Novice: 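Let me begin by handing over the structure; questions about it come next.
Computed from a prediction, not measured in an experiment: that's the story for all the values here. Count residues from 1 along the sequence.
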Amino acid sequence: MPLPATPPDVVVDALGAKVALRFSPGMTAGFHDVVSRAWEGAEARDADRPDLIVEVPDPRLDGGHDRALSALSNEVTHRVIAHRRGQAWMIHAGGVADARGRVCMLVGPSGAGKTTAVRRLSRAFSYVSDENVTVESDGRVRPYRKPLSIVVAGERWRCEIPPRALRLGDLPDEDLRLAVVVFLRRWPGAPATPRPTPVDTLTAIEEVARQSSSLVRLPAPLATIAAHLRRAPVFRLEYRDNTELRPYIAELLDGDHAGSTTEVTVEPASFELAQAPFAGKLVTAPFVDAVSDASDMLVLQRTTGDAGAVTRLTGIAPTIWRACHGGATHREIAAAVVTAHGLPPMGVPFARSLQSTIDLMQRGGLLFG
């Protein structure tokens, strides 16, 4: 007896990769249509030679259409992020674009209202993504027009709603380029009339780094983010749930806002540590990348796998960190601090303050010895 016909692949563009959604034998044409409609906003123009193949969950085995679609969205996201790691800056964020292809990246922690903001804004702008914004080294943005994951009252699973069903804007003919970054914070106490406020570069790097995927795989990751933010100014926007954000985003995209003018210095690259510890000296722990401004410093260290942790150093800590690159005694560290910052005021316990900072840096895994 012949096997049932297998529905054809649905091929979609996701973060600059071409992904074939593959159906198993026996899946119905009806469910193929459901998947095709859900992903119609991301359908690839060229279906040949996909970069990835993702098996479509069988709704008969995975709790019905809604659960299968939700599982499919999660799997595509995870697979394509793994595929593109180290190739481009990928950040968990939403994105909308204007007719000229200028992209506003919307960043915020869970609950900040990114998906809701993207859904509302994309009725006036083009829908780029509600999940991930990927920026190439030249500033081009790769769209990820997946179905929007929306909580629907009475439903057990998030519903995957296609962009067209929500009347969201199609992509412009122009190339997409990162133009502005907005940190969203939705809370009842926000001003009735939001006022976007500029964010300094180091703070912006620190915040977006925590939302980035596989950051340690990217060459010079913090320096790369700094370069992107020189082209795209960063603002913080606090708003209430019922605030109409469109005029504020339009103003930011249309405004003649320069990128950050804060001077950011890239610290020397990491180095191979000697096999034996430096006798009586403190040594900078291995790091992936580090950048600094006139006062503070960010250090990115690998934790496990592709994960990384960003630590902000303030006060005398950056000077201590630099002094320990080649190994330094307490006396040498103290001399470096005095040279950079001068002697403390009378009555300030310098030795105790210095030791306290060193202890904190050692406990934080920034120094050892």
Side-chain angles (χ1 to χ4, degrees), residues 15-17 74 77-93 105 107-110 131-137 142 181 201-229 234 264-278 281-293 296-328 333 357-369:
L15 307 181
N74 289 336
T77 299
H78 293 152
R79 290 283 305 281
V80 78
I81 286 175
H83 173 73
R84 294 232 58 203
R85 62 189 177 189
Q87 301 174 17
W89 175 33
M90 297 181 289
I91 178 170
H92 180 57
M105 180 194 291
V107 186
S110 179
E131 176 67 32
N132 188 292
V133 174
T134 291
V135 187
E136 303 287 358
S137 59
R142 299 297 192 181
V181 179
T201 303
L202 220 62
T203 298
I205 295 171
E206 183 180 15
E207 294 197 24
V208 298
R210 294 194 175 109
Q211 301 292 331
S212 299
S213 302
S214 302
L215 189 59
V216 297
R217 286 289 195 99
L218 198 63
L222 299 185
T224 296
I225 295 175
H228 287 308
L229 298 187
V234 185
V264 174
T265 301
V266 180
E267 296 292 327
S270 187
F271 53 90
E272 294 294 330
L273 294 172
Q275 294 297 314
F278 292 84
K281 294 187 175 184
L282 289 168
V283 183
T284 306
F287 63 100
V288 177
D289 198 16
V291 295
S292 59
D293 61 13
D296 291 3
M297 176 185 292
L298 299 178
V299 179
L300 173 64
Q301 294 175 289
R302 186 187 298 271
T303 51
T304 56
D306 286 341
V310 175
T311 303
R312 186 169 190 139
L313 304 181
T314 62
I316 63 174
T319 302
I320 295 172
W321 187 86
R322 293 187 186 103
C324 292
H325 265 354
I333 294 170
T357 303
I358 290 173
D359 291 344
L360 283 173
M361 295 176 70
Q362 286 187 284
R363 287 199 295 271
L366 294 158
L367 303 175
F368 68 90

Novice: Do L215 and I225 have side chains that get closer than 4.5 Å, going by heavy atoms?
Specialist: yes
Novice: Relative to each other, are the rings of H325 and F287 parallel, tilted or perpendicular (30° and 60° limits)?
Specialist: parallel
Novice: In Å, rounded to the nearest 0.5 Å, how long is the span from CD1 of I333 to CG of L282?
Specialist: 4.5 Å
Novice: Enter the distance from E267:CD to S292:OG here, rounded to the nearest 0.5 Å.
Specialist: 4.0 Å
Novice: Return the CD1 to CD1 distance between I81 and I91, rounded to the nearest 0.5 Å.
Specialist: 11.0 Å
Novice: Which distance, rounded to the nearest 0.5 Å, do you find between the CZ of R79 and the CZ of R84?
Specialist: 15.0 Å
Novice: Going from CD1 on I316 to OG1 on T357, what distance comes out if it is rounded to the nearest 0.5 angstrom?
Specialist: 4.0 Å
Novice: How long is the span from the CG atom in L202 to the OG1 atom in T314, to the nearest 0.5 Å?
Specialist: 11.0 Å
Novice: Cut-off 3.5 Å, side chains only: do T311 and Q301 have a donor facing an acceptor?
Specialist: no
Novice: Who are the salt bridge (charged side-chain N to carboxylate O under 4.0 Å, His left out) partners of E207, not counting sequence neighbours?
Specialist: R236
Novice: With side chains defined as the heavy atoms from C-beta onward, is the minimum distance between L229 and V264 less than 4.5 Å?
Specialist: no
Novice: For residues L366 and L313, determine if any side-chain heavy atom of one lies less than 4.5 Å from a side-chain heavy atom of the other.
Specialist: yes
Novice: State whether the side chain of D289 and the backbone N or O of A223 hold a donor-acceptor pair below 3.5 Å, judged by distance alone.
Specialist: yes
Novice: Do the side chains of C324 and M361 get nearer than 4.5 Å, heavy atoms only?
Specialist: no
Novice: Is there a donor-acceptor pair under 3.5 Å between the side chain of H92 and the backbone N or O of E131?
Specialist: yes
Novice: Please report the shortest heavy-atom distance between F368 and T284, naming the atom on each side.
Specialist: CE2-O, 4.1 Å
Novice: Tell me yes or no: between the side chains of R312 and T203, is some donor less than 3.5 Å from an acceptor?
Specialist: yes
